[in-house]
Amino acid sequence: MTEPRLRIAAQKNGRLAEPSRGLLEQCGLRFSHSRDQLVCNAENFPVDLMLVRDDDIPDLLAEGMCDLGIVGENTAGEAAPEDRASGFTSLLRLNFGACRLAIAVPGDGKIRTIKNLQGKRIATSYPRLLRRFLQENGLEAHVVTLRGSVEIAPSLGNADAIADLVSTGRTLEANRLRELATVLESKAALYQGERPRSAPVTAIAQRLLCRMEGVLQVRESKYVMLHAPLASLTQITALLPGAESPTVLPLEGENDRVAVHAVCREEVFWEHLEDLRAAGASAVLVLPVEKMLA
Ligand code: PRT
Ligand code: ZN
């Protein structure tokens with residue numbers, strides 16, 4: 001009998017391709033080099049990585065052709081704008097692929113507020129998310145669905161406004177477009193198909209999810225060690241950013257000072273250290289955390 005394996009779909013080429021694979025590698029998965037293949041097998045973990053177009057991932061999840069998928073919330077949201085019976089659910093928001101689906105209009109035009117969109121033509125590759133936004137705002141507009149090059153539609157006279165993905169805003173600027181409203185803030189996320197799967201595959205998914213959560217947490221986490229006067233212990237532990245129940249240890253030969261060790265789950269800035277010192281802390285050490293398993 002073949003060993004059960006978990007199938008994960010990720011983008012083959014494009015903005016999410018490298019970070020998706022990178023995240024899996026940070027979870028300890030090692031892939032064979034065959035980058036051009038449709039499926040890449042992890043050598044040291046029961047995972048097969050399916051490399052596909054990002055737009056195909058929602059369907060692959062819904063049809064049960066993969067168990068997990070990494071895709072932008074914009075793509076998943078467009079496939080299932082009403083959050084109902086989509087065949088997949090979000091498990092974890094990831095820390096890459098950030099962008100927003102924004103409505104933009106010609107900078108010198110008459111459309112100044114979203115109310116002015118009433119009756120206008122809006123070009124987009126995200127018709128379902130856009131229609132939901134218009135409906136929520138009590139607007140009726142003509143949605144023009146385009147597959148690409150949405151940003152040039154206004155200058156070609158094909159639309160009065162657009163709804164497109166924006167990250168730096170440079171593309172809008174280059175096309176003399178001004179952002180008017182945000183339809184959706186998006187990041188890449190890990191999704192799970194809702195089809196039932198075997199217990200061993202579920203267990204593999206759970207193991208991977210734990211590692212992924214650990215990887216995401218570790219990025220900001222620091223291990224902080226310091227010496228604190230007993231008298232200001234409460235004050236000092238309160239100053240540790242994002243720390244839960246620090247460890248307090250006696251210091252050899254000292255009755256009025258203790259050592260404090262804590263995992264800080266938020267970024268530790270110089271300002272935090274200065275505040276700690278002002279509160280009486282000394283010998284402050286901040287160490288990186290390499291791995292974490294909650
Ligand atoms: O071939 P395949 O279908 O897999 O790829 P694709 O061409 O559909 O997708 P790709 O690789 O361009 O984007 C994949 C995902 O990356 C998107 O679905 C988003 O979730 C995310 N993402 C993050 C972005 C951007 N940022 C982004 N800036 N996707 C597209 N853009 C576009 C933007 O619309 C503009 O045209 O990139 C251009 C530059 O943006 P600015 O604002 O920096 O100028
Ligand atoms: Zn795509």
Side-chain angles (χ1 to χ4, degrees), residues 7-24 31 34-40 49-63 65-66 68-81 83 86 88-107 122-130 132-133 143-156 158-159 161-192 212 216:
R7 274 166 308 170
I8 306 179
Q11 194 186 28
K12 184 172 170 48
N13 295 306
R15 286 164 200 271
L16 306 180
E18 280 300 324
S20 302
R21 196 174 161 125
L23 174 62
L24 295 170
F31 293 98
S34 51
R35 238 161 221 258
D36 293 329
Q37 288 179 3
L38 178 64
V39 179
C40 243
L49 184 61
M50 299 169 64
L51 298 171
V52 297
R53 289 201 55 191
D54 62 349
D55 316 68
D56 295 336
I57 295 174
D59 280 348
L60 290 171
L61 285 164
E63 297 301 328
M65 293 174 64
C66 62
L68 301 179
I70 299 174
V71 69
E73 289 167 334
N74 54 306
T75 309
E78 180 63 17
D83 300 327
S86 56
F88 53 85
T89 42
S90 171
L91 285 182
L92 192 60
R93 202 168 202 225
L94 304 173
N95 55 355
F96 56 85
C99 58
R100 53 195 181 275
L101 179 61
I103 298 182
V105 294
I122 312 176
T124 189
S125 307
Y126 295 87
R128 300 171 80 181
L129 287 172
L130 176 60
R132 185 183 70 181
F133 174 86
V143 176
V144 182
T145 305
L146 297 179
R147 286 205 149 240
S149 307
V150 170
E151 65 279 358
I152 59 171
S155 59
L156 293 178
N158 294 334
I162 65 165
D164 201 8
L165 298 181
V166 180
S167 50
T168 63
R170 275 189 220 114
T171 303
L172 292 186
E173 209 178 307
N175 288 281
R176 300 215 174 91
L177 296 168
R178 188 172 55 83
E179 239 175 291
L180 196 65
T182 299
V183 175
L184 179 80
E185 293 277 1
S186 175
K187 279 191 168 186
L190 178 73
Y191 290 88
Q192 166 175 261
M212 236 182 235
L216 294 178

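For ligands, and for the atoms within them, numbers begin at 1 and follow the listed sequence. Start at 1 with the first residue, then count along the sequence. No hydrogens, no waters, no symmetry mates; every other heavy atom, side chains included, goes into these values.
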Engineer: Is it the side chain (CB and beyond), the backbone, both or neither of Thr75 that lies under 4.0 Å from ligand 1, heavy atoms counted?
Structural biologist: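 Contact part for Thr75 vs ligand 1: side chain (C-beta onward).
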Engineer: Looking only at heavy atoms, is any part of Thr168 under 4.0 Å from ligand 1, and if so is it the side chain, the backbone, or both, or is it neither?
Structural biologist: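 Answer for Thr168: both.
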Engineer: Among the N, O or S atoms that Asp54 has, which is closest to the Zn ion (ligand 2)?
Structural biologist: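 When I compare the N, O and S atoms of Asp54, OD1 is nearest to the Zn ion (ligand 2).
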Engineer: Quick one: which of Ile57, Leu68, Leu61 gives a side-chain contact (heavy atoms from CB on, under 4.5 Å) with Phe88?
Structural biologist: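 When Ile57, Leu68, Leu61 are each tested with Phe88, the side-chain contact (heavy atoms from CB on, under 4.5 Å) holds only for Leu61.
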Engineer: Give the residue, atom name and distance (to 0.1 Å) of the protein heavy atom nearest atom 34 (O) of ligand 1.
Structural biologist: Leu165 O, 2.6 Å
Engineer: Say you draw a straight line from CG of Leu49 to CG of Leu51; how long is it, rounded to the nearest 0.5 Å?
Structural biologist: 4.5 Å
Engineer: Quick check on contacts: which atoms of ligand 1 are under 4.0 angstrom from a heavy atom of Gly14?
Structural biologist: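 Heavy-atom distances to Gly14 below 4.0 Å select 11 (O).
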Engineer: Kindly identify the option in Thr171, Asp54, Val52 whose heavy atom sits closest to atom 8 (O) of ligand 1.
Structural biologist: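 Shortest heavy-atom distance from atom 8 (O) of ligand 1: Asp54.
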Engineer: Using only atom types and a distance under 3.5 Å, with no angle test, would you say the side chain of Ser90 pairs donor to acceptor with the backbone of Tyr191?
Structural biologist: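 No; zero donor-acceptor contacts below 3.5 Å.
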Engineer: Let me know which of Glu179, Glu73, Glu185 forms a salt bridge (charged side-chain N to carboxylate O under 4.0 Å, His left out) with Arg100.
Structural biologist: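 Of all the options given, the one that passes is Glu179.
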Engineer: Applying a heavy-atom cut-off of 4.0 Å, say which part of Ala98 lies close to ligand 1: side chain, backbone, both or neither.
Structural biologist: backbone
Engineer: Closest heavy-atom contact between Ala163 and Ile122?
Structural biologist: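 Here Ala163 and Ile122 meet closest at N-CG2, 3.9 Å.
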Engineer: Students should be able to answer this: which protein heavy-atom is nearest to atom 20 (O) of ligand 1, and at what distance?
Structural biologist: Asn74 OD1, 2.6 Å
Engineer: Atoms of ligand 1 less than 4.0 Å from Asn13 heavy atoms?
Structural biologist: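 Matching atoms, with element in brackets: 4 (O).
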Engineer: A side-chain contact here means heavy atoms from C-beta on lying under 4.5 Å apart; do Thr171 and Val166 qualify?
Structural biologist: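 Side chain of Thr171 against side chain of Val166, heavy atoms only: no contact under 4.5 Å found.
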Engineer: Can you list the ligand 1 atoms lying under 4.0 Å from a non-hydrogen atom of Val166?
Structural biologist: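 By the 4.0 Å cutoff, the relevant atoms are 42 (O).
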Engineer: What atoms of ligand 1 come within less than 4.0 Å of a heavy atom belonging to Asp55?
Structural biologist: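 It comes down to these atoms of ligand 1: 3 (O), 8 (O).
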Engineer: Check whether any protein heavy atom sits under 4.0 Å from atom 5 (O) of ligand 1.
Structural biologist: yes
Engineer: Do me a favour and list the nearest non-hydrogen protein atom to atom 26 (N) of ligand 1 with residue, atom name and distance?
Structural biologist: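 So the nearest neighbour among protein heavy atoms is Cys99 CB, 3.4 Å.
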Engineer: A side-chain contact here means heavy atoms from C-beta on lying under 4.5 Å apart; do Cys40 and Arg21 qualify?
Structural biologist: yes
Engineer: Could you tell me which atoms of ligand 1, counted from 1 in the order shown, lie closer than 4.0 angstrom to a heavy atom of Gly72?
Structural biologist: 20 (O)
Engineer: Ignoring hydrogens, what is the shortest heavy-atom contact between Ala17 and Lys12? Give both atom names and the distance.
Structural biologist: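 The answer is CB-O, 3.4 Å.
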Engineer: Of all the N, O or S atoms in Asp55, which one sits nearest to the Zn ion (ligand 2)?
Structural biologist: OD1
Engineer: Taking atom 21 (C) of ligand 1 as the point of reference, which of Gly97, Gly148, Ala188 owns the nearest heavy atom?
Structural biologist: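 When every heavy atom of Gly97, Gly148, Ala188 is considered, Gly97 comes closest to atom 21 (C) of ligand 1.
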Engineer: Between Phe31 and Leu24, is there a side-chain heavy-atom distance shorter than 4.5 Å?
Structural biologist: yes
Engineer: I'd like to know if the side chain of Glu78 and the backbone of Arg128 have a donor-acceptor N/O pair within less than 3.5 Å.
Structural biologist: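 Looks like yes, one N/O pair under 3.5 Å.
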Engineer: So between Arg15, Arg170, Arg53, Gln11, whose heavy atom ends up nearest atom 27 (C) of ligand 1?
Structural biologist: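 Closest candidate by heavy-atom distance is Arg15.
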Engineer: For atom 28 (N) of ligand 1, what is the nearest protein heavy atom, given as residue, atom name and distance?
Structural biologist: Ser167 OG, 2.8 Å
Engineer: In this structure, are over 12 heavy atoms from other groups packed under 6.0 Å from Arg93 atom CZ?
Structural biologist: yes
